[in-house]
A.B. asks: 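Can you read through this structure? Questions will come right after.
The figures here come from the full heavy-atom set of this structure, side chains too, leaving out hydrogens, waters and symmetry mates. The sequence lines fix the lettering, A, B, ..., with proteins before strands; numbering per chain opens at 1.
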Number of protein chains: 2
Amino acid sequence: MGITIKDIATIAGVSTSTVSLVMSGKGYVSNKTRQKVQNVIDEYNYRPLLAARQLANNRTGNLGFIISDVHLARSEAFYSRVLHGAELEARNYDTSLILSSVAMDLAIPGNIPRFLKGRDVDGVIVAGSVPDELIRYLKNENIPLVLIDYRVPNLKIDTVFMDNRSGLSLVINHLVSQKIKKIAFIGGSNRHPSIKERFEGYQIAMEHAGLGHISRDEKYRYFIESETNMEVGIEGISEVLKNVPDIEAVVCVNDTTAAGCIQQLRKLKKRIPKDIAVVGFDNNNYASMTHPPLTSVQVPKIELGVEAIRLLISRIENPQQIHQTRIIPVDLIIRESSLKSI
Amino acid sequence: MGITIKDIATIAGVSTSTVSLVMSGKGYVSNKTRQKVQNVIDEYNYRPLLAARQLANNRTGNLGFIISDVHLARSEAFYSRVLHGAELEARNYDTSLILSSVAMDLAIPGNIPRFLKGRDVDGVIVAGSVPDELIRYLKNENIPLVLIDYRVPNLKIDTVFMDNRSGLSLVINHLVSQKIKKIAFIGGSNRHPSIKERFEGYQIAMEHAGLGHISRDEKYRYFIESETNMEVGIEGISEVLKNVPDIEAVVCVNDTTAAGCIQQLRKLKKRIPKDIAVVGFDNNNYASMTHPPLTSVQVPKIELGVEAIRLLISRIENPQQIHQTRIIPVDLIIRESSLKSI
DNA sequence: CTGAAAGCGCTTACAG
DNA sequence: CTGAAAGCGCTTACAG
């Protein structure tokens, strides 16, 4: 079942070694022989069986893509775009992407993805937060590894991030340029590095604009230790309004939080942006569907995936290279929710 | 590098055959030997190399998941949830999911996914529409195949669908029960079977409710030959209003179209649902974020993926079984956009 | 109940 | 420049 290298060799009247050399382009094969063999390959549309090649090469040509099931189940299409980018780029390296979602409470090593148990991948990408224990396991097992939008303290691992700090700088500058000064920040769990960086970006930009230093326990800041969701936005804006009734703008750690915030502000009959401007982060699919449409920081999600694959491939090819962090630039997409002039 | 079955055999003082038999649970092995071997396996945490097993078994344990890049890039998280369901269920069969997106204009067989060229999967799931030529290719190559939410005329293939007709029946009944009678339908390309079925469901339900037969060119019906997107909703509702100014409700072929519809109605200062009720289909992530929140038919996306894997596995295990279509039931989620009583 | 041996379809030193 | 042979790490008739 299925044509093999042996068949091709027989038909072309050469040995399997020669066929193999022709396919790989390695070694010396006379032009004449090469042509002859190539013709047979083309005629029969022969493709080597990956399983056999994998065994002989001690290389699978597969890359694992691990994501927590919470992230994959999330309403935003954020990580599915990152995945898409990874898949597109994996193809450019003649590589396949094997997907596995993991539970946040998975047993290690009992419940690790099948492709790890069976050593069926050459490297692994982890998108977003997963149990730190899993990352430590991967690191220990010496599996080439790239993290996207996540980090484990004290562990040197190749990582791809979006430029969170610059994103917040763009946001604050945009607001300040409209003479807005009282700017709140609504955030989520500080455990996640991007959320932390976004708050830091906010702090830095506020200071830079001469609006003083906003500490973590400042009343302008609402911060909750949970997954970011609409509720965080709803509670956050309520809390902030209680403390600072004349707040002029609120920056949310991401679009989901901002959507909750907008919903709550509408309920409170606040006008957006006239009374309060709202800004999100991620520029997710529904940013343009909120009412009013949401100003947000555009994160190039495809690029995050693409860059992660590139970094992973280079790590596989050069295991000794120094660990690096690649930062993907972001843009501010200005929509109605933050344009006071409207 | 990596512990092999030979190592285990040597350590346990048996042959590799015996180790293999213990692992697979096939054949007879004395309890004593089995224990002895199992202990060594556990102690060394030995896992067989998948590539070797694949070669020996002529079975890869991989399943391919193919989706068009347009679908994967789409704003809704629809197919990424289907994918998630497939991944979860694949695991239950000790199987890995290899993902590949394909362009709608891909060259066949030149540009087919790597896992097809290398015969690296035991079967394939195709989610949503892809080039019909690709499906014919898969069928010709005799690769076990399951389609989700798609169909090719005159081709017998296992398929998983959501219950589109019942969905529309739920919608129409819900509207009719509120004494709404003038109900328009806004749709997309008839090429897609689900869209076709939804319109048919609408026709049937309208007739059933005594509201007459609505033909394809009826003024109540706006139908456009393109991908469904917000523009279809925007243009659709404008067109319908031109023809039937006193329209009471509009049923959209999916939530994206409905979102466009809502946006346009707001622009026209129509009150939703007071002047016009709006209903979508899919119950996508942003259905609850539109203003007002959108009534929609909930499609169990995870289940679509789960059921597709089950069907595929049973096809792989029993290649001769009759081709079947499995229909996943749907629910109506009633929100503000269609509740006249509010 | 267990082991020796062949085979799965490739690749790659090695000889010539 | 090309071929014979060994090897990758498994599984599975087959013998005993």
Side-chain angles (χ1 to χ4, degrees), chain A residues 1-38 40-41 44-62 94 96 114-122, chain B residues 1-38 40-41 44-62 94 96 114-122:
Chain A
M1 225 176 41
I3 189 160
T4 72
I5 195 172
K6 228 170 174 171
D7 301 325
I8 299 296
T10 309
I11 296 167
V14 297
S15 73
T16 59
S17 328
T18 303
V19 177
S20 182
L21 291 179
V22 169
M23 299 227 57
S24 66
K26 291 180 197 167
Y28 290 91
V29 182
S30 75
N31 257 322
K32 204 175 136 199
T33 311
R34 180 181 301 281
Q35 256 320 318
K36 188 173 58 178
V37 172
Q38 189 62 52
V40 178
I41 289 174
Y44 288 84
N45 193 28
Y46 165 68
R47 303 284 164 203
L49 188 74
L50 284 180
R53 188 171 255 191
Q54 286 168 9
L55 187 57
N57 277 341
N58 194 28
R59 196 180 185 286
T60 66
N62 296 328
D94 192 30
S96 296
R114 193 181 96 105
F115 58 65
L116 292 178
K117 290 187 185 172
R119 289 155 289 165
D120 204 24
V121 292
D122 301 326
Chain B
M1 227 177 43
I3 189 159
T4 73
I5 195 171
K6 228 171 174 173
D7 301 325
I8 298 296
T10 308
I11 297 167
V14 297
S15 72
T16 59
S17 328
T18 303
V19 178
S20 182
L21 292 178
V22 169
M23 299 226 58
S24 66
K26 292 180 196 165
Y28 291 91
V29 182
S30 74
N31 257 323
K32 204 175 134 199
T33 310
R34 180 181 301 280
Q35 256 320 318
K36 188 173 58 178
V37 172
Q38 191 60 54
V40 179
I41 290 173
Y44 289 83
N45 193 28
Y46 166 68
R47 303 285 165 201
L49 188 75
L50 285 179
R53 188 172 254 187
Q54 286 168 8
L55 186 57
N57 277 341
N58 194 26
R59 196 180 184 285
T60 65
N62 295 327
D94 192 30
S96 296
R114 193 181 96 105
F115 57 66
L116 293 178
K117 291 187 183 170
R119 289 156 289 163
D120 205 24
V121 292
D122 301 328

A.B. asks: Say whether, by atom type as modelled, one donor and one acceptor occur between the side chain of Asp7(A) and the main chain of Thr4(A) under 3.5 angstrom.
C.D. replies: yes
A.B. asks: What is the per-nucleotide protein-contact pattern of nucleotides 1-7 of chain C, from the 5' end, where B denotes a base atom under 4.0 Å from a protein heavy atom, S denotes such proximity for sugar-phosphate atoms only, and - denotes neither?
C.D. replies: SBBBB-B
A.B. asks: I'd like to check the side chain to side chain contact (heavy atoms under 4.5 Å, CB included) partners of Ser17(A); sequence neighbours left out, ordered by chain and number.
C.D. replies: Ser15(A)
A.B. asks: Could you give the distance from CZ (Phe115(A)) to CG (Asn62(A)), rounded to the nearest 0.5 Å?
C.D. replies: 9.5 Å
A.B. asks: Closer than 3.5 angstrom, by distance alone: can the side chain of Arg34(A) be matched with the main-chain N or O of Leu21(A) as a donor-acceptor pair?
C.D. replies: no
A.B. asks: Quickly work out the Asp7(A) CG to dG9(C) C1' distance and round it to whole Å.
C.D. replies: 10 Å
A.B. asks: In whole Å, what is the span from the CD1 atom of Ile41(A) to the C1' atom of dC10(C)?
C.D. replies: 13 Å
A.B. asks: How close or far is atom C1' of dT11(C) from atom CD1 of Ile8(A), stated in whole angstroms?
C.D. replies: 16 Å
A.B. asks: Does the side chain of Thr4(A) get closer than 4.0 angstrom to OP1 or OP2 of dG9(C) through an N or O atom?
C.D. replies: no
A.B. asks: Hey, what do you get for CE (Met23(B)) to CZ (Arg53(B)), rounding to the nearest 0.5 Å?
C.D. replies: 6.0 Å
A.B. asks: To the nearest Å, give me how far apart CD (Gln54(B)) and P (dC8(D)) are.
C.D. replies: 18 Å
A.B. asks: Once you round it to whole Å, what is the distance between P of dG9(C) and CG of Leu55(A)?
C.D. replies: 12 Å
A.B. asks: With a 4.0 Å limit, can you tell me whether Asn57(B) has a side-chain N or O closer than that to the phosphate oxygens OP1/OP2 of dT12(D)?
C.D. replies: yes
A.B. asks: Go through dC8(D), dC10(C), dC10(D) for me and flag the one nearest to the Arg119(A) side chain.
C.D. replies: dC10(D)
A.B. asks: Starting at atom CE of Met23(B), determine the distance to atom P of dC10(D), rounded to an integer number of angstrom.
C.D. replies: 9 Å
A.B. asks: Does the side chain of Tyr46(B) get closer than 4.0 angstrom to OP1 or OP2 of dC10(D) through an N or O atom?
C.D. replies: yes
A.B. asks: So, does Arg53(A) get its side chain near the phosphate of dG9(C), meaning an N or O under 4.0 Å from OP1 or OP2?
C.D. replies: no
A.B. asks: Is the closest side-chain heavy-atom distance between Pro48(A) and Ile5(A) below 4.5 Å?
C.D. replies: no
A.B. asks: Are any side-chain N or O atoms of Asp120(A) and backbone N or O atoms of Leu50(B), one a donor and one an acceptor, separated by less than 3.5 Å?
C.D. replies: no
A.B. asks: Using a 3.5 Å limit for the pairing distances, which stems of at least 3 consecutive Watson-Crick or G-U wobble pairs does DNA chain C take part in?
C.D. replies: C:1-3 with D:14-16, C:5-12 with D:5-12, C:14-16 with D:1-3
A.B. asks: Any sub-3.5 Å donor-acceptor pair from Arg47(A)'s side-chain atoms to Gly118(B)'s backbone N or O?
C.D. replies: no
A.B. asks: Specify the closest pair of heavy atoms between Asp122(B) and Gly61(B), including all atoms of both residues, with the distance to one decimal.
C.D. replies: OD2-N, 2.7 Å
A.B. asks: Quick check on dT11(C): is either OP1 or OP2 less than 4.0 Å from any side-chain nitrogen or oxygen of Lys26(A)?
C.D. replies: no
A.B. asks: Nearest-Å distance, CD1 (Ile3(B)) to P (dC8(D))?
C.D. replies: 15 Å
A.B. asks: How close or far is atom P of dT12(D) from atom CD1 of Ile5(B), stated in whole angstroms?
C.D. replies: 11 Å
